[in-house]
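Accompanying notes for the structure given below.
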Amino acid sequence: KTKFPYVFSGIFSFLLICFMTFGALYIKKNPSYYSYKDYDYRIVNDYVEIISYHGTSKTVIIPEKIKDVKVHSICTGAFRKRNITSITFNNDVIVNPNAFYACKSLQSIYSDFECEIWEYGFRNCPSLSEVNLPYSTVYKKSFYQSEKSIQSFVFGRTGGCSIFADIFGLESNKEIKDDLKICSTELANNYFEFYSDLSEQLDYSCKF
């Protein structure tokens, strides 16, 4: 009877060591993420989700595939505070909230694919001057706090917002730069509208 607690404790310790050992081997064999060139990524539903960028290039081109698997999304915080100047998407990717948060040097964004820029996707990118996303969908506050240096803005459609200012989170901001230019594009009939003074368009409803 007096030895039972010691025997039980020994068995428990042995099982715990086995569990930790086999768990470590499993994790090593099946990591939660992988690395490829400048990216850390994981596989989600048979697609690649980029979870981190650790490259040194300031001009970033998101690849169409990583190891023959299609890149489908950019994770929250993947490019947080990275010192990049331009980003190009070579696939129909989803930019999750705060994926490019506080990229202070980011100046241009380009894609000829049907991307989705979710809320706060490009939050607090004050140097951003050119956005060229003619086939993409931008959502409310997707470019929050990134309007100060915008010179041109092209997008395909909006999702869930009722006024253009929603994209920048400026619904109630009366101090909007007069030279802010937005190009709203409807690809079906090549319909374009340019605005040189967004402050006069606060009540303008999104057409698309």
Quick check against the 3.5 Å criterion: does Ser108 have a side-chain atom that pairs as donor or acceptor with the backbone of Leu128? no
Just how far is it from atom SG of Cys115 to atom CG of Asp92, taken to the nearest 0.5 Å? 6.5 Å
Can you give each donor-acceptor pair under 3.5 Å made by side-chain atoms of residues 71-81, sequence neighbours left out, with the distance rounded to 0.1 Å?
| from | atom 1 | to | atom 2 | distance (Å) |
| --- | --- | --- | --- | --- |
| Ser73 | OG | Glu49 | OE2 | 3.1 |
| Thr76 | OG1 | Pro97 | O | 2.9 |

Any side-chain heavy-atom pair of Pro126 and Asn124 under 4.5 Å: yes
Indicate yes or no: at least one non-hydrogen side-chain atom of Ser152 is less than 4.5 angstrom from one of Asn132. no
Flag side-chain contact, heavy atom, 4.5 Å: Thr158 against Ile167: yes
Look up atom OH in Tyr33 and atom OH in Tyr41, then write down how far apart they are to the nearest 0.5 Å. 12.0 Å
Single-linkage hydrophobic cluster Tyr110~Val154, side-chain heavy atoms < 4.5 angstrom: no
If we only count heavy atoms from C-beta on, is the Ile62 to Ile87 side-chain gap below 4.5 Å? yes
With a 6.0 Å cut-off (strictly less than), is the heavy-atom count around OH of Tyr47, excluding the residue itself, greater than 12? no
Co-membership, hydrophobic cluster, residues Tyr101 and Ile50, 4.5 Å side-chain: no
Rounded distance [0.5 Å steps], OG1 in Thr137 versus CZ in Arg157: 4.5 Å
Nearest heavy-atom contact between Glu64 and Asn90 is CB-O, 3.5 Å
Cluster overlap Val69 with Val44, hydrophobic side-chain contacts below 4.5 Å: no
In sequence, state the C-alpha distance, the side-chain angles, and the governing distance for Phe153 and Phe143, and then conclude on ring-ring contact (aromatic ring centres under 6.0 Å, His included). CA-CA 11 Å; Phe153 196 104; Phe143 289 84; 5.0 Å; yes
Output the distance between atom CD1 (Ile84) and atom OG1 (Thr56), rounded to the nearest 0.5 Å. 12.5 Å
Lys141 and Ser146: CA distance, side-chain angles, deciding distance, side-chain contact (heavy atoms from CB on, under 4.5 Å) verdict: CA-CA 10 Å; Lys141 294 186 179 181; Ser146 299; over 6 Å; no
Would you call the rings of Phe100 and Phe122 parallel, tilted or perpendicular, taking 30° and 60° as the class edges? parallel
Counting only N and O atoms by type, is there a donor-acceptor contact under 3.5 Å from the side chain of Ser136 to the main-chain atoms of Gly156? no
Sub-4.5 Å side-chain heavy-atom contact between Val60 and Thr88: no
Ignoring hydrogens, what is the shortest heavy-atom contact between Asp40 and Ser35? Give both atom names and the distance. OD1-OG, 2.5 Å
Return the set of residues passing side-chain contact (heavy atoms from CB on, under 4.5 Å) with Asp38 (not counting sequence neighbours), or none when no residue passes. Tyr53
Other residues, nucleotides, ligands: >12 heavy atoms within 6.0 Å of Lys70 NZ: yes
Work out which heavy atom in Ser127 is nearest to a heavy atom in Lys104; give both atom names and the distance. OG-O, 2.6 Å
Taking side chain as C-beta onward, heavy atoms only, is Tyr144 less than 4.5 Å from Phe168? no
Between CG on residue Leu106 and CD on residue Glu130, distance to nearest 0.5 Å: 11.0 Å
Pair Phe89-Ile109, side-chain contact (heavy atoms from CB on, under 4.5 Å): steps then yes or no: CA-CA 8 Å; Phe89 300 108; Ile109 303 168; 4.0 Å; yes
Just verifying a value: how many Å separate Lys58 NZ and Cys103 SG, rounded to the nearest 0.5 Å? 12.5 Å
Are Phe155 and Ile117 close enough, and set up right, to give a side-chain contact (heavy atoms from CB on, under 4.5 Å), and what steps lead you there? CA-CA 10 Å; Phe155 62 96; Ile117 316 299; over 6 Å; no
Can you confirm whether more than 12 heavy atoms, excluding those of Ile61, are under 6.0 Å from its CD1 atom? no
Donor-acceptor pair, distance only, cut-off 3.5 Å: does the side chain of Ser111 make one with the backbone of Leu133? no
Nearest atoms (heavy-atom pairs only) where Lys37 meets His54: O-CE1, 3.0 Å
Taking the side chain as every heavy atom from C-beta outward, state whether Thr85 and Thr59 have any pair of such atoms under 4.5 Å apart. yes
